[in-house]
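Worksheet: one structure, shown below.
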Number of protein chains: 2
Amino acid sequence: MLKDIIENSENYQPGLSIDCVIFGFHDNQLKVLLIKVDKSQKWSLPGGFIPVDQDIDTAAITVLNSRTGVEGVFLRQFATFGKVNRNEQHFDKKILEYLKIEEEKGKWLLRRFVTIGYYALVDFLKIIPNSMNRNETVEWIDHKEVPELILDHKEILDKALDTLRMELNLMPIGYNLLPEKFTIPELQKLYETILDKKLDRRNFLRKITNIGILSKLDEKKSNVAHKAPNLYSFDKEKYEEVLKIGLNQGW
Amino acid sequence: MLKDIIENSENYQPGLSIDCVIFGFHDNQLKVLLIKVDKSQKWSLPGGFIPVDQDIDTAAITVLNSRTGVEGVFLRQFATFGKVNRNEQHFDKKILEYLKIEEEKGKWLLRRFVTIGYYALVDFLKIIPNSMNRNETVEWIDHKEVPELILDHKEILDKALDTLRMELNLMPIGYNLLPEKFTIPELQKLYETILDKKLDRRNFLRKITNIGILSKLDEKKSNVAHKAPNLYSFDKEKYEEVLKIGLNQGW
DNA sequence: CCTTAATGTGTTATAATGACGCAATGTAAT
DNA sequence: ATTACATTGCGTCATTATAACACATTAAGG
């Protein structure tokens, strides 16, 4: 795959890549989809290169889609990373030897790559982590237990989470991270997990319902310990509306 | 200049550029620093290319500095633009002929360029718009009277303003856009101009002073019609602190 | 059947916001 | 000089939002 790209490098934007921070939510944990190439010691964010005939947003969708199989989810560009030495220890000649790529073609890879960061929010249960070949492992990892990552991928991940936390104040979140029917406590735990902070149950309920994006269903969650919580779903129309205009007007 | 870059294109990141939206404030108008190359009909944002041995942030500082002469001001990356055809009508062979660049070297320019957008807030009065050569005009233009721009520069400018408006709710603004001593009405007009919205005088005063970033000076503005307003300055220390932690906590 | 650990609903004090009123001040017109 | 006028500075009040907390309800399990 990488070999194909390098050998057809004239079809790809040089020195530019895309990395996706794909968030999911499960077992009250914020998960991140990470990849490990078998021969490598470290994990990395799913990424890809940009065909010269594709918009960068389209290329990002391709990356997300190839790893998760989902389409039409929340995907947003958040920052671009371009320190001089960000990949100088990584894309070195060993890879080219390993992939049996001739030196002239290989030069395409041996330069500083600037990478455009996107983050996605996806429904954990709808995703089957998809390894594109047998040499790599794709896995959901709790964001609190992320192992050492290649290059500056930790920095990229942190920035994505910072952005997500900030955008939590500007727009509703949850539609893409929760199943269709969910309970208020579940939604609250999502918020608490993202923010890494305890919230008051009762105040949370009031605030979240006041936004007007929730529909209370005439149905309770079954098979739960203690009192069965009510189920809710998002009112997609109002949700989209609030996504557009934003939550806080501020000034 | 462009000729130099193309002829030494191996020293520059291929297919990648930087564009700066430089905001200033004067006469109660939000100004944008724009450039017009004499032979061109349209204006453009000041931009530049990225030396392979420079961080992208450093390259952005270079662009800003070369046009304004200022250093250490507010400069922030806000988005990266990479539609497939964003520059296909612009960087064409005519330019290469005009610059007398041989075809092989010129290929560097004839591809899709992805551009990283930065926006800067600078003190209008401290800037001397600096044209790098006689063929170009550098000018402050009221953001409401921005003429047609090349490529997708209008889109970039709009996105920068959107970002600025959003960040107005997250952090204090003004330190880089106003002179050292200023009045509350001036600061309010800055906010009103950026937001394109009238604010209540009295509520603005209360809110802005409650942030705790202003120092009331024992001095009034002179030579003004009507009642002389008090002068204020920013408490740099508290300002920086609020910049870090942010204004609204939200959740 | 009682304990336990959740959920659902409400209350109260405090703070933030939005919409105004009015006096003080300096310019400009008469 | 006096007055009209625009603008600043400071304050009020009703409404809304927020934070902290009390209590009843519900289901599971000993």
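Chain letters run A, B, ... following the sequence lines, proteins first, then strands; residues in each count from 1.
Residues meeting the side-chain hydrogen bond (donor to acceptor under 3.5 Å, both in side chains) test with A:Lys189, sequence neighbours left out: none.
Rounded to whole Å, the distance from CD on A:Glu219 to P on C:dG8 is 14 Å. Regarding A:Glu186, its CD atom lies at a distance of 14 Å from the P atom of C:dA6, rounded to whole Å. In this structure, CG of B:Leu187 is placed 15 Å from C1' of D:dT8, rounded to the nearest angstrom. Going from atom NZ of A:Lys207 over to atom P of D:dA20 covers 12 Å, rounded to whole Å. Atom CH2 in B:Trp251 sits about 9 Å away from atom P in D:dT18, given to the nearest Å. Between A:Lys221 atom NZ and D:dT26 atom C1' the separation is 17 Å, expressed in whole Å. Here D:dT8 presents its P atom at 17 Å from CG of B:Leu217, a figure rounded to the nearest Å. Computed from coordinates, the B:Lys220 NZ to C:dT27 P distance equals 12 Å when rounded to whole Å.
In this structure, B:Lys198 pairs ionically with B:Glu192, as a charged nitrogen and a carboxylate oxygen lie closer than 4.0 Å.
Toward the 5′ end of DNA chain D lies the nearest nucleotide of B:His226, the other residue of the pair B:Tyr232 and B:His226 mapping further downstream.
Contacts of B:Asn230 with the nucleic acid, taken as non-hydrogen atoms under 4.0 Å apart, involve only primed sugar atoms and P, OP1 or OP2. Residue B:Lys216 is classed as a sugar-phosphate contact, given heavy-atom separations below 4.0 Å to backbone atoms only.
Near DNA chain D, defined here as any heavy-atom distance below 4.0 Å, the residues from residues 197-206 of chain B are B:Arg201, B:Arg202, listed numerically.
In this structure the side chain of B:Ile141 never reaches within 4.5 angstrom of the side chain of B:Leu33, judged on heavy atoms.
Between A:Phe23 and A:Tyr119, the ring-plane angle classifies as perpendicular under the 30° and 60° cut-offs. Between A:Phe204 and B:Trp251, the ring planes lie tilted relative to each other; the angle falls in the 30° to 60° range.
Judged purely by atom type and a 3.5 angstrom limit, A:Asp235 uses its side chain to pair as donor or acceptor with the backbone of A:Lys238.
Applying the 4.0 Å criterion to OP1 and OP2 of D:dA6, one finds that B:Lys227 has every side-chain N and O outside that range.
Atoms OG1 and CZ, on B:Thr68 and B:Phe124 in that order, are 12.5 Å from each other to the nearest 0.5 Å.
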